[in-house]
2 protein chains.
Amino acid sequence: MPIPTKPPHLHTQACTTAMRSVRDALDLLGGKWKLPIILALLGGPKRFKQLQRDVLGITAKMLSKELKELEMNGLLVRSVQADATPVAVTYTLQSYGDTLFPVIEALHDWGLQHRNRIMHPQVPAVEKTAVFEQVVAA
Amino acid sequence: MPIPTKPPHLHTQACTTAMRSVRDALDLLGGKWKLPIILALLGGPKRFKQLQRDVLGITAKMLSKELKELEMNGLLVRSVQADATPVAVTYTLQSYGDTLFPVIEALHDWGLQHRNRIMHPQVPAVEKTAVFEQVVAA
DNA sequence: CTGTATCCATGGAGATACTG
DNA sequence: CAGTATCTCCATGGATACAG
């Protein structure tokens, strides 16, 4: 079982290890551009300039940097057609990228219901309210 | 169905709307401190100072700011015991926070397998390799 | 104890110009 | 086309001092 339900007070090794996995995924998907790039490449292989057109607002610097990271993580492959003139570079999403779908879907589902919840507030039933006995002095 | 499998070239409304949900979730979970705070509160309600001790390295400023955000999102409740002296404030995770578990679990599972994959590289079977015909000039 | 206010260092990201 | 190099701006976050 991945996430312990009742972690002890101090950070245990198991706790930090589990968190590291979550953070790995979060860091890969996080940031402003990773998702748009991945989505743009779902439509098939694209060249650098085409990507920059599809991912609205991204600069060449950022696109280059983000593509490198995604490539290092095995999510896409960079291939060069040196014979073409001028040289053509295409970026192709790997099938490994599909393994991200359950993650993205989980994020999407939660985000969607959360937005609904925030927009249409319920009765604010607060749980385990206010005072609880053992207030540890500190 | 949340995420379209084959988005068109340009960003459609459906595409950006779906992405907004993902980003909502990503933004809430992202950052350096959100996860550690949530995890720390899984063990039960805690006071400000106790949280600062449990979440290693966080400053009062950051803790205060992050707690506000989590409260605004309905994930926790801030309650004040004004009668106590000095005043005591406790933060309690709401059961709504449990809805994040599938998300965190998905992130965790992917992050774990990804780290294994990165650490123990497979045969680098590149798909849809290199050259593909219709190179759109631009 | 529970924060807030202020100052300040750092890094991330945009704009621009340039190279192969 | 496919990037890289520089410069600069600004938001984020740490440190510290202070307040209720």
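Chain identifiers are assigned alphabetically (A, B, ...) following the order of the sequence lines, protein sequences preceding nucleic acid strands; residue numbering begins at 1 within each chain.
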Query raised in the report: Heavy atoms, side chains only, cut-off 4.5 Å: are His114(A) and Ile118(A) in contact?
Result: yes
Query raised in the report: Expressed in angstrom and rounded to an integer, what is the separation of Phe48(B) atom CZ from dG20(D) atom P?
Result: 17 Å
Query raised in the report: Of the nucleotides dA2(D), dG20(D), dT4(D), which has the atom closest to the Arg47(A) side chain?
Result: dA2(D)
Query raised in the report: With sequence neighbours left out, what residues match Asp27(A) under side chain to side chain contact (heavy atoms under 4.5 Å, CB included)?
Result: Arg23(A)
**Report entry** Rounded to 10 degrees, the angle between the two terminal axes of the helix from dC1(C)-dG20(D) to dG20(C)-dC1(D), each from five pairs
**Finding:** 40°
Query raised in the report: Mind checking what makes side chain to side chain donor-acceptor pair (under 3.5 Å) contact with Tyr91(B), not counting sequence neighbours?
Result: Arg78(B)
**Report entry** Whole angstrom value for the distance that separates C1' of dG3(C) from CD of Gln50(B)
**Finding:** 17 Å
Requested in this report: Tell me yes or no: between the side chains of Asp54(A) and Gln50(A), is some donor less than 3.5 Å from an acceptor?
Outcome: yes
**Report entry** For atom CZ of Arg78(B) and atom P of dC1(C), their distance in whole Å
**Finding:** 15 Å
Query raised in the report: Quick one: OG on Ser95(A) to CG on Leu75(A), what's the gap to the nearest 0.5 Å?
Result: 10.5 Å
Query - Gap between atom NE2 of His108(A) and atom CZ of Arg20(B) - 0.5 Å precision - result: 9.5 Å
Between the protein and nucleotides 13-17 of chain D, which nitrogen or oxygen pairs are less than 3.5 angstrom apart?
unit_1, atom_1, unit_2, atom_2, d
dG13(D), OP2, Lys65(B), NZ, 2.9
dG14(D), OP1, Lys32(B), NZ, 3.2
dG14(D), N7, Lys61(B), NZ, 3.3
dG14(D), O6, Lys61(B), NZ, 2.3

Report task. Grab the NZ-P distance between Lys46(B) and dG3(C) for me, whole Å please. Result -> 16 Å
Requested in this report: Output the distance between atom NZ (Lys65(B)) and atom CG (Leu70(B)), rounded to the nearest 0.5 Å.
Outcome: 11.0 Å
Identify every side-chain donor-acceptor pair in residues 28-44 of chain A under 3.5 Å, counting partners at least two apart or on other chains, and give the distances.
unit_1, atom_1, unit_2, atom_2, d
Lys34(A), NZ, Glu69(A), OE1, 2.8

Requested in this report: Verify the contact: side-chain N or O of Ser64(B) to OP1 or OP2 of dT4(C), cut-off strictly under 4.0 Å; return yes or no.
Outcome: yes
Query - Distance in angstrom units between Tyr91(A) OH and dA2(D) C1', rounded - result: 7 Å
Query - For Thr99(B), all residues meeting side chain to side chain donor-acceptor pair (under 3.5 Å), sequence neighbours excluded - result: Trp110(A)
Query - Interatomic distance, Leu51(B) CG vs dT2(C) C1' [rounded to whole Å] - result: 12 Å
Query raised in the report: Separation of Leu63(A) atom CG from dG12(C) atom P, in whole Å?
Result: 18 Å
